[in-house]
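See below for the structure under consideration.
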Amino acid sequence: MDIVVFESLYGNTAAVAAAIAAGLSADARALTTSEATRELIEEARIVVAGAPVHAMSLPTAATRESARAKPQGADHMLADLGHLSMRDWLTALPRGPRLGAAFDTRVRGPLGHGSSRAIAQTLEACGFTLLDAPRGFTVHMHTSSSAPGALLARGQLDLAREWGEHLQERAASLV
Ligand SMILES: Cc1cc2nc3c(=O)[nH]c(=O)nc-3n(C[C@H](O)[C@H](O)[C@H](O)COP(=O)(O)O)c2cc1C
């Protein structure tokens, strides 16, 4: 099975993860950090991991806390802090020769190295072969009284699905 595991406070990284999973394969699953247990990871063939960029890197306890009670995202939701951070999930990642890739969601362009490079470095340190360079997907942050901020930019879900297909092709070429 192929797994796309994500941290997502406002739903955007979750939506990108679902689109990547749809591109990867029919039975690929997009899972929260709580759902992506050690046992599932050990059985997986491809593991793609993604998180939002907070303060130019992976969310920390402090950045997650600062997002609490700030409504954002398509559903104007409060930050969902009910799952492990990607940072904590990565500390328990089982070692082993697996295939993988890393992504993040961010405001625009290359602002530092984002979360995806930090995720990719941990995947490699745990024995993963990376199927592609770390990838960023773009959110807009305009917030007004009538429209919440942190919404995926147009076309990002199509790009995410295509990237999932690309990762699958890369995996097939390695066999
Ligand atoms: C506390 C905080 C810090 C952020 N810092 C950055 C940043 O440094 N660079 C950036 O591109 N986006 C930054 N963002 C915007 C997030 O990347 C955006 O909220 C995220 O991609 C939305 O994903 P989600 O809906 O899955 O939580 C920040 C957001 C929050 C809440």
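One-based numbering, in listed order, for ligands and for the atoms of each. The structure presented is a predicted model; accordingly, all values stated were derived computationally and were not measured.
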Please confirm whether Gly11 comes within less than 3.5 Å of ligand 1 when only nitrogen or oxygen atoms on both sides are compared. yes

Surrounding CZ of Arg29 (heavy atoms of other residues, nucleotides or ligands, distance under 6.0 Å), is the total greater than 12? no

Which atoms from ligand 1 have a heavy atom of Thr63 less than 4.0 Å away? 1 (C)

Would one find an N or O of Asn12, backbone or side chain, under 3.5 Å from an N or O of ligand 1? yes

On a heavy-atom basis, I'd like to know which of Glu7, His54, Met56 is closest to atom 31 (C) of ligand 1. His54

Side-chain donor-acceptor contacts of residues 47-58 below 3.5 Å, not counting sequence neighbours, with atom names and distances?
{"unit_1": "His54", "atom_1": "ND1", "unit_2": "Thr63", "atom_2": "OG1", "d": "3.0"}

At less than 4.0 angstrom from any non-hydrogen atom of Ser66, what atoms of ligand 1 do you find? 1 (C)

Which value, rounded to the nearest 0.5 Å, describes the distance between Leu31 atom CG and Leu40 atom CG? 6.5 Å

Arg106 neighbourhood, listing ligand 1 atoms whose heavy-atom distance to it stays under 4.0 Å: 11 (O), 17 (O), 21 (O)

Element-labelled atoms of ligand 1 that are located less than 4.0 Å from some non-hydrogen atom of Ala55: 3 (C), 4 (C), 5 (N), 6 (C), 7 (C), 8 (O)

Residue selection (non-hydrogen contact nearest atom 10 (C) of ligand 1) among Asp104, Val107, Leu151: Val107

Minimum heavy-atom separation for Thr13 and Ser8, please, with both atom names. N-OG, 3.4 Å

Per-atom contacts, ligand 1 versus Leu9 - under 4.0 Å to a heavy atom: 24 (P), 26 (O), 27 (O)

Could you check which of Val53, Val16, Leu152 puts a non-hydrogen atom nearest to atom 15 (C) of ligand 1? Val53

For Thr13, which part has a heavy atom under 4.0 Å from ligand 1: side chain, backbone, both, or neither? both

Could you check if a side-chain atom of Thr91 sits within less than 4.5 angstrom of a side-chain atom of Arg87, using non-hydrogen atoms only? no

Closest non-hydrogen atoms of Trp163 and Asp132, given as atom of the first, atom of the second and distance, are NE1-OD2, 3.0 Å

Where on Ser8 is there a heavy atom closer than 4.0 Å to ligand 1, on the side chain, on the backbone, on both, or on neither? both

Examine Val4 and Val16 and state if one hydrophobic cluster contains both, with Ile, Leu, Val, Met, Phe, Trp and Tyr joined whenever side-chain heavy atoms are less than 4.5 Å apart. yes

In the structure I gave you, are the side-chain heavy atoms of Gln168 and Asp2 within less than 4.5 Å of one another anywhere? yes

